[in-house]
Engineer: 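Take this structure first; my questions come after.
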Amino acid sequence: MLDLNELVSCTRCDLSLTRQRVVVGSGPLAPLLMVIGEAPGRSEDEGGEPFIGRSGQLLFRLLQEEVGVTRSQCFVTNVVKCRPPANRTPTLHEITTCRPWLDEQLAMITPRAVLALGNTASRAVLGSEAPMGEVHGRVVYLGAVPGLATYHPAAALRGGASVVHVMRRDLAVLRQLLDAP
Ligand code: URA
Ligand code: SF4
């Protein structure tokens, strides 16, 4: 069982020294979608919820437009629960140390489908080492639950319309999965 008290005071890795808050994740336990990002950014570290900054705004706009899913229908979390300084990519050590928390969430939450955002989540959740250019939009089964990866919305904020275009196509695949009986 996930011990929330232990998680919100976790000091298993050094990100605990610089974070303001552990960003656990939130949403229904049987959601349409489990959305998994990389790690909290500044807004999330301050607000305590995942994807409440600019990346989240873009993400949930695209999910609404392409999948017809709202934030309240998603359980939203990250591979790493504390913000890396200056939003650097989490180290392998941090990812491995934080992993048991995500594993407990994956065991507890029963989504209809899983969406991994960016390389860190794609590797950690879907187990694919290949670059996003190869794995995005491909359906992978986690037991009986379909999952797929797409680009991280932060990459879309940097990379512009072409990245958003690919994300929209990937999300259309997700919509088909959710529409299937
Ligand atoms: N980027 C992430 O990967 N996760 C968040 O929660 C916010 C930005
Ligand atoms: Fe604990 Fe994960 Fe935060 Fe590290 S990142 S302190 S392992 S909750």
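Each ligand, and each atom within it, is numbered from 1 in the order the structure gives. Here the structure is a predicted model, which means the values were calculated and not measured. Along the sequence shown, the residues carry numbers beginning at 1.
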Engineer: Give me the nearest non-hydrogen protein atom to atom 3 (Fe) of ligand 2 as residue plus atom name, then the distance to 0.1 Å.
Structural biologist: C82 SG, 2.3 Å
Engineer: Flag yes if L63 and I52 sit in one hydrophobic cluster, no otherwise; membership is Ile, Leu, Val, Met, Phe, Trp, Tyr, and two members link when side-chain heavy atoms are under 4.5 Å apart.
Structural biologist: no
Engineer: State whether E44 and R83 are salt-bridged, where the test is any N-O pair (Lys NZ or Arg NE/NH1/NH2 against Asp/Glu carboxylate O) under 4.0 Å.
Structural biologist: no
Engineer: Any side-chain heavy-atom pair from M132 and S122 closer than 4.5 angstrom?
Structural biologist: yes
Engineer: Does the distance from a Lys or Arg side-chain N to an Asp or Glu carboxylate O, for E6 and R12, drop under 4.0 Å?
Structural biologist: yes
Engineer: Go through I36 and L102 one step at a time and tell me if the side chain to side chain contact (heavy atoms under 4.5 Å, CB included) criterion holds.
Structural biologist: CA-CA 9 Å; I36 306 177; L102 179 63; 4.3 Å; yes
Engineer: Pull out every atom of ligand 1 sitting under 4.0 Å from any heavy atom of H152, numbered as shown with elements.
Structural biologist: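 Those atoms are 1 (N), 2 (C), 3 (O).
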Engineer: Should you measure from each heavy atom of V80, which atoms of ligand 2 turn up under 4.0 Å away?
Structural biologist: 5 (S)
Engineer: What atoms of ligand 2 come within less than 4.0 Å of a heavy atom belonging to R19?
Structural biologist: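 Near R19, meaning under 4.0 Å from one of its heavy atoms, ligand 2 has 3 (Fe), 6 (S).
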Engineer: Looking at atom 8 (C) of ligand 1, what's its closest protein heavy atom, distance included?
Structural biologist: F51 CE2, 3.8 Å
Engineer: Quick one: nearest non-hydrogen protein atom to atom 2 (Fe) of ligand 2, plus distance?
Structural biologist: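 Checking every protein heavy atom, the shortest distance to atom 2 (Fe) of ligand 2 gives C98 SG, 2.3 Å.
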Engineer: Quick test: of every protein heavy atom, which one is nearest to atom 1 (Fe) of ligand 2, and how far off is it to 0.1 Å?
Structural biologist: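 Ranked first by proximity to atom 1 (Fe) of ligand 2 is C10 SG, 2.2 Å.
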Engineer: Is there at least one pair of N or O atoms, one from N78 and one from ligand 1, spaced under 3.5 Å apart?
Structural biologist: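 Yes, N78 has an N/O under 3.5 Å of an N/O on ligand 1.
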Engineer: Under 4.0 Å from a heavy atom of P50: give me the atoms of ligand 1 that qualify, with their elements.
Structural biologist: 6 (O)
Engineer: Mind telling me whether F60 and F51 have parallel, tilted or perpendicular rings, with 30° and 60° as the class edges?
Structural biologist: perpendicular
Engineer: Please determine whether residues L178 and V145 belong to a single hydrophobic cluster, defined as Ile, Leu, Val, Met, Phe, Trp and Tyr linked transitively by side-chain heavy-atom distances below 4.5 Å.
Structural biologist: no
Engineer: Take E66 and R61 through the test salt bridge (charged side-chain N to carboxylate O under 4.0 Å, His left out) and record every step on the way to the result.
Structural biologist: CA-CA 9 Å; E66 299 298 330; R61 181 162 64 80; over 6 Å; no
Engineer: Side-chain contact, heavy-atom cut-off 4.5 Å: W101 with T77?
Structural biologist: no
Engineer: So, C13 and atom 2 (Fe) of ligand 2: N/O/S under 2.8 Å, yes or no?
Structural biologist: no
Engineer: Which residue and non-hydrogen atom of the protein lie closest to atom 2 (C) of ligand 1, and at what distance in Å?
Structural biologist: A39 O, 3.0 Å
Engineer: In terms of atom number and element, which parts of ligand 1 are under 4.0 angstrom from non-hydrogen atoms of G37?
Structural biologist: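 So the atoms of ligand 1 that pass are 3 (O).
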Engineer: Classify the contact between A154 and ligand 1 as side chain, backbone, both or neither, using a heavy-atom distance cut-off of under 4.0 Å.
Structural biologist: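 None of A154 does.
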Engineer: What part of E44 sits under 4.0 Å from ligand 1 if we count only heavy atoms: the side chain, the backbone, both or neither?
Structural biologist: side chain
